[in-house]
There are 2 protein chains.
Amino acid sequence: MSSTSRSSAGREPSRRRPRVLGGDGVPTLATVADEAGVSRQTVSNALNNPELLRPETLVRVQSVIERLGYSPNRAARQLRTRSSHLVGLRFEPAQEGTSNALMDRFLHSLVEAASRTGHHLLLFSGDPADPLDGYEDLLRSTAVDAFVVTDTYAGTPQAGFLQDRGAPFVAFGRPWDDPRADHAWVDVDGAAGARLATEHLLDQGHRRIAWLGWERSSRISQDRRSGWEAALREAGVDPVGLGVRLTDNVDAARMAAHRVLEDATVTAFVCASDTLAVGVLHALAERRVQPGAQVGVVGFDDSAAAQVTWPGLTSVRQPLEQVAVELVRSLHRVLGHQPVEEQGRMLEPTLVVRRSSERGWKP
Amino acid sequence: MSSTSRSSAGREPSRRRPRVLGGDGVPTLATVADEAGVSRQTVSNALNNPELLRPETLVRVQSVIERLGYSPNRAARQLRTRSSHLVGLRFEPAQEGTSNALMDRFLHSLVEAASRTGHHLLLFSGDPADPLDGYEDLLRSTAVDAFVVTDTYAGTPQAGFLQDRGAPFVAFGRPWDDPRADHAWVDVDGAAGARLATEHLLDQGHRRIAWLGWERSSRISQDRRSGWEAALREAGVDPVGLGVRLTDNVDAARMAAHRVLEDATVTAFVCASDTLAVGVLHALAERRVQPGAQVGVVGFDDSAAAQVTWPGLTSVRQPLEQVAVELVRSLHRVLGHQPVEEQGRMLEPTLVVRRSSERGWKP
DNA sequence: CGGGAGCAGTGGAACGATCCAACAGTAGAC
DNA sequence: GTCTACTGTTGGATCGTTCCACTGCTCCCG
């Protein structure tokens, strides 16, 4: 109703014709503004700062938006605000056989968590030989607002690179011993997980509990191992000679388990991954030893394999849904340039008990 | 060098200053043009139509681009060209236990294939109750160039919706019996896969080979089953009474296998999924029957579970890398509005033989 | 009654790329 | 010598949004 005076330069009548409908018939801000009898800015405010509008104007604009099925053009918005609402994640080429099933669950959770704050996930790939490939280009072209970095094993340069570059990112994985690192991170407490596993086996009456982990260079494995070791010591069991290091591979674990089982006093295994635990199960099958009933086995990651393997593999489960939520929360703080109240956040894993560690179980 | 006359209203001298450096110090097209002593359009041509430039100009511009580390701003380009170089994929919430490990391998392949043509993958999620949620919004806001649709089981409305909407997309999965469908698709020949599996077991000397599949409503299962049935008939074996339908679940398969094995003449199983095959392995373990040596088992999808399960599960492997490549190729044709030379493309699976089907094997 | 504050809303400019029409310069044809 | 064709390059306009400075208008206070 409130028809205000509309000033017009009036020099050249048909030169500057405000385009009111996009080329393909897609409505734009101008379409909505025209239809609702307000200016473009008012429509923009209706979307981004609704509290600035008088309630009745807001309702009117919103109903036009609804009726026309208008959504703001992402490219235009991105160009103006310099924010794409996209989060980049480099998706490494899969290595078959290893437990990247973890990735699947994590990815789902991340997509969902991000979408709750209006963000989408942009997957990209890069030259496997160059762990930094792809990042630079997305940064320069301002295609993403931030990155999520997933592999922060010792020696991976992504976090350092992005930090030096001044690019916003959050890491899934603590920076371990890099003293220069001061970026946001979220991680799961591997030591606590291994401790859970070990204490569970101790509860089942096991004493001499072996550890199967990765090479010494893996900080993740060292971390988990420390939980096993501490739990054993607290129970008065000497862990010396019970720890084995090998590559993350079913067959390597199978053979290692055979060697360990030569020592008849060993009655249980805690493993740094489900892959290794599955290898132990293979060895038990070959020795015709009942998992659970005779020898307890616990894996790590609660992968799909753990869930379907016979007779059911007890495993430490990472709270990936919660990790995703925390990552997104962190991302928001980083992007909002808010003071980072805490640099990192450590989450607690849980133990999913299945029959491979249930002593009472008989097939 | 070329100082041309610069028209200026003259009222306020410093109003129209052509910004040559982005706010954050990020170089823009204008920066490069200025530095190379050419116009913006020439730089743009150097990137998009290099053949239009004189070779020496091209080299000069390229060296400046290299030196400044310039990449065109994606938002600006997207706004002007109406193309985001993003491909949307709705990433469904994971259902634990089912074989979406397939998805992991597929996703990797797709990201890689897409990146080879300069496209990135945009993952989004939506209300699980509404299979169309999310698509509309991305279309309206012109956030993606196209979609990849992965679940085209009977009754899923995505393909129909996008087709009616006139949105570009490619489906992984044939349109089955929808006569209205005329969109591009890529699929794997399930019947051929089941035939491979069945013939392999026949070669191993098995005759009465059972089928474990999903409910009758699943077209995918029906398709695979038809391959098993045909192979059996050609070998002169009557498949009647050898087929079982159940839900895709380890325990359901385990119990079904027990029932089937009451009939002592059955010596092998072909399954519509690895999940079902793992269930059969569980049943065999409970009966203390050797997989492979006594009863042959073949699964479908070559999931991580198949690869680590003891004693190794023979499985039909889908050529997902090739699927991804074909999908991207199709997408290109669809986006380029080229005449679609073929509407769909059917790829052949392969059989990965492991010990669960090797008759000679002894533990 | 004049003036500062606050409110709802306006029009122009800007983001950084590409599209477009036009331009200078050269060569070839008449 | 002029006209046409062609090549390489140019400046201006444009895509759709948000930022910015500003305008009427009302209200309140001294």
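All values derive from a computational prediction rather than experimental measurement. Within every chain, numbering begins at 1; the chains are lettered A, B, ... in the order of the sequence lines, protein sequences first and strands thereafter.
- A close approach under 4.0 Å does not occur between any side-chain nitrogen or oxygen of B:R82 and OP1 or OP2 of C:dT18.
- For the pair A:M103 and B:D104, the minimum side-chain heavy-atom distance is below 4.5 Å.
- Classified by interplanar angle (parallel below 30°, tilted 30° to 60°, perpendicular above 60°), the ring pair A:F124/B:H120 is perpendicular.
- Residue B:S39 places at least one side-chain N or O closer than 4.0 Å to OP1 or OP2 of D:dT10.
- The CD atom of B:Q78 sits 16 Å away from the C1' atom of D:dT14 (whole-angstrom rounding).
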Walk me through it: do A:R40 and A:D34 pass the test salt bridge (Lys or Arg N to Asp or Glu O under 4.0 Å)? CA-CA 8 Å; A:R40 299 188 318 272; A:D34 220 55; over 6 Å; no
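- Every residue meeting the side-chain hydrogen bond (donor to acceptor under 3.5 Å, both in side chains) condition with A:Q163, not counting sequence neighbours, appears here in chain and number order: A:D182.
- Taking only side-chain nitrogens and oxygens, B:Y70 never comes nearer than 4.0 Å to OP1 or OP2 of C:dG16.
- B:R82 and A:N73 form no side-chain donor-acceptor contact under 3.5 Å, judged by distance and modelled atom types alone.
- DNA chain D is contacted by B:Q41, B:T42, B:L52, B:L53, B:R54 of residues 41-55 of chain B, taking any non-hydrogen atom closer than 4.0 Å.
- One side chain, B:S84 or B:D145, offers a donor N or O that lies under 3.5 Å from an acceptor on the other.
- Rounded to an integer number of Å, the gap from A:L79 CG to D:dC15 C1' is 9 Å.
- OP1 and OP2 of C:dG9 both lie 4.0 Å or more from every side-chain N or O belonging to A:R40.
- Rounded to an integer number of Å, the gap from A:L29 CG to C:dT10 P is 13 Å.
- For A:T57 and C:dG9, the shortest distance from a side-chain N or O to OP1 or OP2 is below 4.0 Å.
- Comparing D:dT18, C:dA17, D:dC15 by their closest approach to the side chain of B:P72 singles out C:dA17.
- What separates CZ of B:R74 from P of D:dG16 is a distance of 20 Å, to the nearest Å.
- Side-chain N/O atoms of A:R80 include none lying less than 4.0 angstrom from OP1 or OP2 on C:dA14.
- Computed from coordinates, the B:N73 CG to C:dA14 P distance equals 17 Å when rounded to whole Å.
- A side-chain N or O of B:S71 and one of A:D137 form a donor-acceptor pair less than 3.5 Å apart.
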